[in-house]
Amino acid sequence: MAENIGNLKRTHNCEALRSKNIGEEVVLAGWVQRRRDHGGVIFIDLRDRTGITQVVFNPEGNKDVHEKAHNIRSEYVLAVKGKVVPRPEGTVNPKLPTGEIEVLVSDLKVLNESKTPPFMIEDDIDIAETLRLKYRFLDLRRPSVAKGLIMRHKVSTSVRNFLNGEGFLDIETPMLTKSTPEGARDYLVPSRVNAGAFYALPQSPQLFKQILMVAGFDRYYQIVKCFRDEDLRADRQPEFTQIDMEMSFIDREDIMAMAEKMMARIFKDVLGLELTGHFPVMTYDETVTRYGLDKPDIRFGLEHVDLTEIMKGCGFKVFADAASKGGIVKAINVKGGATLSRKDLDDLTAYVGNYGARGMAWIKVTESEWQSPIVKFFTDEEIGRIKELTGAEVGDLLLFGSDKAEVVNESLGNLRNELARRLKLVDADTYSFLWVTDFPLLEYDGQTKRHVAIHHPFTAPLDEDLSLIDSEPAKARSKAYDLVLNGNEVGGGSIRIHDQSLQQKVFKLLNISEEEAGAKFGFLLDALAFGAPPHGGIAMGLDRLVMIMSGVDSIRDVIAFPKTQKAACMMTEAPSQVEPEQLTELNLSLNIPKKED
RNA sequence: GGGGCCGUAGUUAAGUUGGUUAUAACGCCGGCCUGUCACGCCGGAGGGCGCGGGUUCGAGUCCCGUCGGCCCCGCCA
């Protein structure tokens with residue numbers, strides 16, 4: 001039977017007591033981590049989110065209390081009153097911060113019993129994630145899991161303190177808002193009072209924060225949920241949290257400086273690390289050329305070497321064709337990689353296959369020869385050029401990609417990361433930020449056969465590329481910037497268009513008709529026409545940032561109640577069917593296609 | 001939409017070329033135990049192998065389908 005607290009109000013948490021507390025009468029409350037019943041004396045490790053204290057039931061003390069303690073099991077909830085005493089000579093536990101003392105119990109209340117938990121509440125256990133998520137309330141009792149949420153709290157606290165100090169205002173924006181074209185798939189919410197009409201959950205507060213700038217709130221922030229109905233990954237959940245900010249009367253270097261200062265503050269407050277100097281800045285073109293990806297991890301080398309020019313007329317048809325027909329040929333020199341086995345190479349070939357590469361040529365540089373299936377196709381001069389450009393030395397491994405530029409860059413870019421993982425080229429505790437700037441304004445979407453905005457349609461072009469908007473829009477670059485941390489995109493933003501005519505011009509480029517622009521973004525165009533200040537901002541992915549800072553591989557580990565890959569919550573079993581009456585009230589009917597047999 | 005991996009006691013796993021009553025560890029239950037902290041010792045219960053078909057004398061092992069989980073591609077302004 002569960003007892004009420006009564007007079008046993010706790011005086012300390014389970015990590016608080018030390019030798020200096022010896023002699024004090026204290027009350028602790030928490031969960032039973034473990035019981036060691038010796039028939040006579042009974043030890044219980046009492047746990048709360050701060051730590052563990054050993055409490056002792058001695059039969060020579062209170063008989064009733066000792067009797068009661070026999071029935072205690074794992075995860076029972078206890079309040080104990082007792083005296084802090086030193087542990088007897090030789091029984092100090094150096095593994096526990098509280099290991100020099102124990103609490104000799106004089107009064108006990110079993111605040112609640114517990115069923116035997118489906119898994120043990122401790123770190124370093126190996127359990128299926130689906131079970132952890134179903135019993136998330138138990139999983140979250142494990143210190144390593146709680147640690148992620150505690151760190152998340154520290155990060156958001158640090159962010160608020162910093163931005164409040166810099167004069168930013170925390171202003172909430174609607175969760176029930178308007179569906180807009182472009183971007184990700186919206187989560188829709190039917191309107192009961194407007195039959196047939198829908199709200200959308202925000203993909204980000206983008207337009208609202210711009211409107212707030214027009215309204216004169218020249219420094220805004222919000223730690224806010226965003227929703228995108230797209231497929232999940234280890235670093236993507238359908239609802240996620242952004243540190244969203246926007247400033248007026250600034251240019252991009254001001255936003256970048258502010259974001260850097262904020263990151264420095266977060267790392268200082270939360271990890272005690274000093275981030276010194278400015279974050280390096282690299283243009284989009286440079287990242288793609290050197291690393292293949294626009295979010296390179298710059299903690300290790302393995303940079304790409306472009307061999308397109310020298311392969312144009314070579315005897316290896318695959319390379320020659322790619323090089324002369326608009327594609328590219330690139331190589332990575334894996335220093336000391338000649339020790340990789342044939343199986344390793346097969347694995348890596350399969351790996352680049354994920355990104356559309358149809359193969360992966362390689363050359364092992366050994367004392368006696370260039371060992372490779374393709375080296376026989378090259379002239380001595382070509383081999384010399386390859387050697388020169390890649391810096392190949394004895395013991396190295398050269399890996400090649402040849403195809404359309406996107407395929408080569410994507411596959412070799414990801415291969416580079418994979419090699420670093422396999423060869424353990426990075427120290428897990430290092431943090432390396434990078435700004436990526438000068439993104440193209442537009443990209444061509446082969447599916448819809450039109451240009452779409454790379455960042456979003458409100459991103460300003462670079463000043464020097466303004467004239468390209470009319471002549472060669474595909475070449476125009478934007479005032480967008482991404483913040484990359486250890487190869488992960490943790491933030492992105494831009495200077496926005498604050499001129500109504502330029503905004504209309506960009507909509508036109510994106511094949512958004514005047515009518516459509518008016519219908520979907522009329523309020524923004526309106527606002528821009530009423531004295532919009534120059535403005536811009538950035539949004540940081542809180543989940544990803546905390547994931548990296550806490551050294552875990554999935555944002556699920558830093559979200560209290562995350563969803564599985566099918567966007568389901570194992571605990572609540574959301575999403576679920578609803579009563580027909582609810583649908584009727586919303587003027588909805590279901591039309592679920594039958595599966596074909 | 002596609003590729004890969006996985007599903008066996010509460011948990012984590014083992015399970016030979018298909019072949020008696022499906023193993024182990026931890027956990028759980030009972031007993032003993034006054035200094036343990038992964039307490040110890042003795043004893044015990046617990047699953048029919050995600051689900052549904054099929055092949056076979058016989059299926060956890062083979063085949064088909066299906067559900068669920070994880071990683072990835074597509075998708076994610």
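So you know, we letter chains A, B, ... as the sequences are listed, proteins then strands, and number each from 1. It should be emphasised that the depicted structure is a prediction, and the values quoted were computed from it without experimental measurement.
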Self-check item: E113(A), CD: over 12 other non-hydrogen atoms inside 6.0 angstrom
Solution: yes

Quiz item: In Å and rounded to the nearest 0.5 Å, what is the OH to CD distance from Y351(A) to E418(A)?
Solution: 5.0 Å

Quiz item: With a 4.0 Å cut-off on heavy atoms, is P118(A) in touch with a base, just the backbone sugar-phosphate, or nothing at all?
Solution: sugar-phosphate

Quiz item: For the side chain of N354(A) and the base of G3(B), is some donor closer than 3.5 Å to an acceptor across the two?
Solution: no

Quiz item: Picking from A38(B), C37(B), C76(B), which would you name as closest to the side chain of K95(A)?
Solution: A38(B)

Practice problem: Could you measure between the two C1' atoms, the one in G58(B) and the one in U66(B), and give it in whole Å? | Solution: 25 Å

Quiz item: Contact class for F119(A) (heavy atom, under 4.0 Å): base, sugar-phosphate, or nothing?
Solution: nothing

Practice problem: Indicate, with a heavy-atom threshold strictly under 4.0 Å, whether T564(A) touches base, sugar-phosphate, or nothing. | Solution: sugar-phosphate

Quiz prompt | Complement of C70(B), any strand, by Watson-Crick or G-U distances under 3.5 angstrom | solution = G4(B)

Self-check item: Nearest-Å distance once atom C1' is located in both G46(B) and C41(B)
Solution: 22 Å

Practice problem: Would you mind classifying the nucleic acid contact of D37(A) as base, sugar-phosphate or nothing, using non-hydrogen atoms under 4.0 angstrom? | Solution: base

Quiz item: Are OP1 or OP2 of C71(B) and a side-chain N or O of R556(A) less than 4.0 angstrom apart?
Solution: yes

Quiz item: Any side-chain heavy-atom pair from F119(A) and L138(A) closer than 4.5 angstrom?
Solution: yes

Practice problem: Please give the nucleotide sitting opposite U61(B) as a Watson-Crick or G-U wobble pair, both distances under 3.5 Å, or none. | Solution: none

Quiz prompt | R228(A) or L232(A), whichever maps to the more 5' nucleotide of RNA chain B | solution = L232(A)

Quiz item: Can you tell me how far CG of L46(A) sits from CZ of R35(A), rounded to the nearest 0.5 angstrom?
Solution: 14.5 Å

Quiz item: Would you say K566(A) reaches G68(B)'s phosphate, i.e. side-chain N/O to OP1/OP2 under 4.0 Å?
Solution: yes

Quiz item: What nucleic acid atoms does F458(A) come within less than 4.0 Å of, heavy atoms only: base, sugar-phosphate, or nothing?
Solution: nothing

Quiz item: Looking only at atom P, what distance separates G18(B) and C57(B), rounded to whole Å?
Solution: 15 Å

Exercise. Classify the angle between the aromatic ring planes of H66(A) and H70(A) as parallel (below 30°), tilted (30 to 60°) or perpendicular (above 60°).
Key: perpendicular

Self-check item: G68(B) versus A59(B) - spacing of their C1' atoms, nearest Å
Solution: 23 Å

Quiz prompt | G40(B) - base-pair partner by Watson-Crick or wobble geometry, distances under 3.5 Å | solution = C32(B)

Quiz item: Rounding to the closest angstrom, what is the interatomic distance between C75(B) and G60(B) at atom P?
Solution: 44 Å

Quiz item: Is S74(A) near enough to G27(B) that one of its side-chain N or O atoms lies under 4.0 angstrom from OP1 or OP2?
Solution: no

Self-check item: Touch class at under 4.0 angstrom, heavy-atom based, for I125(A) against every strand present
Solution: nothing

Quiz item: Any N or O donor-acceptor pair linking the side chain of N93(A) to the base of C37(B) at under 3.5 Å?
Solution: yes

Quiz item: When you measure from the side chain of R236(A), which nucleotide among C28(B), G1(B), C76(B) comes out closest?
Solution: C76(B)

Quiz prompt | Minimum-distance nucleotide (side-chain atoms of Y355(A) versus U36(B), C73(B), C76(B)) | solution = C73(B)

Exercise. Please lay out, stage by stage, how F227(A) and F240(A) fare under the test ring-ring contact (aromatic ring centres under 6.0 Å, His included).
Key: CA-CA 7 Å; F227(A) 306 86; F240(A) 62 100; 8.2 Å; no

Quiz item: If the C1' atom of U8(B) is compared with that of G47(B), how far apart are they to the nearest Å?
Solution: 8 Å

Distance-only donor-acceptor pairs under 3.5 Å for side chains of residues 402-410 of chain A, two or more places apart:
unit_1: D403(A); atom_1: OD1; unit_2: R358(A); atom_2: NH2; d: 3.2
unit_1: D403(A); atom_1: OD2; unit_2: R358(A); atom_2: NE; d: 3.3
unit_1: D403(A); atom_1: OD2; unit_2: R358(A); atom_2: NH2; d: 2.9
unit_1: N409(A); atom_1: OD1; unit_2: K330(A); atom_2: NZ; d: 2.6
unit_1: N409(A); atom_1: ND2; unit_2: A405(A); atom_2: O; d: 3.2

Quiz item: For the residue pair F507(A) and F521(A), does the interplanar ring angle fall in the parallel (under 30°), tilted (30 to 60°) or perpendicular (over 60°) class?
Solution: parallel

Quiz item: Heavy atoms under 4.0 Å, any strand shown: does E102(A) hit a base, just sugar-phosphate, or nothing?
Solution: base

Exercise. Please state whether the phosphate of G68(B), meaning OP1 or OP2, lies under 4.0 angstrom from any side-chain nitrogen or oxygen of T130(A).
Key: no

Practice problem: Name the nucleic acid region contacted by Q565(A), choosing base, sugar-phosphate or nothing; use a 4.0 angstrom heavy-atom cut-off, strictly under. | Solution: base

Quiz item: Distance between the C1' atoms of G27(B) and G35(B), in whole angstroms?
Solution: 24 Å

Practice problem: Measure the distance between the ring centre of H38(A) and the centre of the six-membered base ring of U36(B), then answer whether it is under 5.5 Å with planes under 30°. | Solution: no

Quiz item: Using purine N1 to pyrimidine N3 plus N6-O4 or O6-N4 for Watson-Crick, or N1-O2 and O6-N3 for G-U wobble, both under 3.5 Å, which nucleotide pairs with U56(B)?
Solution: none

Quiz item: Want to settle it: does A234(A) or R73(A) sit nearer the 5' end of RNA chain B, counting the closest nucleotide to each?
Solution: R73(A)

Quiz item: Base, sugar-phosphate alone, or nothing: which one does R233(A) contact when heavy atoms must sit under 4.0 Å apart?
Solution: base

Quiz prompt | Short side-chain N/O contact from R36(A) to OP1 or OP2 of G40(B), under 4.0 Å | solution = no

Practice problem: Let me know the distance between CG of D123(A) and C1' of A38(B), rounded to the nearest Å. | Solution: 14 Å

Quiz prompt | Rounded distance in Å between the C1' positions of G30(B) and A24(B) | solution = 22 Å

Quiz item: Just checking D126(A): base, sugar-phosphate only, or nothing, at a heavy-atom cut-off of under 4.0 Å?
Solution: sugar-phosphate

Exercise. Would you mind calling G48(B) syn or anti? Take O4'-C1'-N9-C4 for purines or O4'-C1'-N1-C2 for pyrimidines, and syn is within 90° of 0.
Key: syn

Quiz item: Within the structure shown, what part of the strands sits under 4.0 Å from L133(A) by heavy-atom distance: base, sugar-phosphate, or nothing?
Solution: nothing

Quiz item: Would you call H535(A) and E246(A) a side-chain contact if the rule is heavy atoms closer than 4.5 Å?
Solution: yes

Quiz item: Base, sugar-phosphate, or nothing for E60(A), non-hydrogen atoms under 4.0 angstrom?
Solution: base

Quiz item: Which of the following nucleotides, C37(B), C75(B), C39(B), is nearest to the side chain of R185(A)?
Solution: C75(B)

Exercise. Please state how far atom CG in L104(A) lies from atom P in U34(B), giving the value in whole angstrom units.
Key: 17 Å

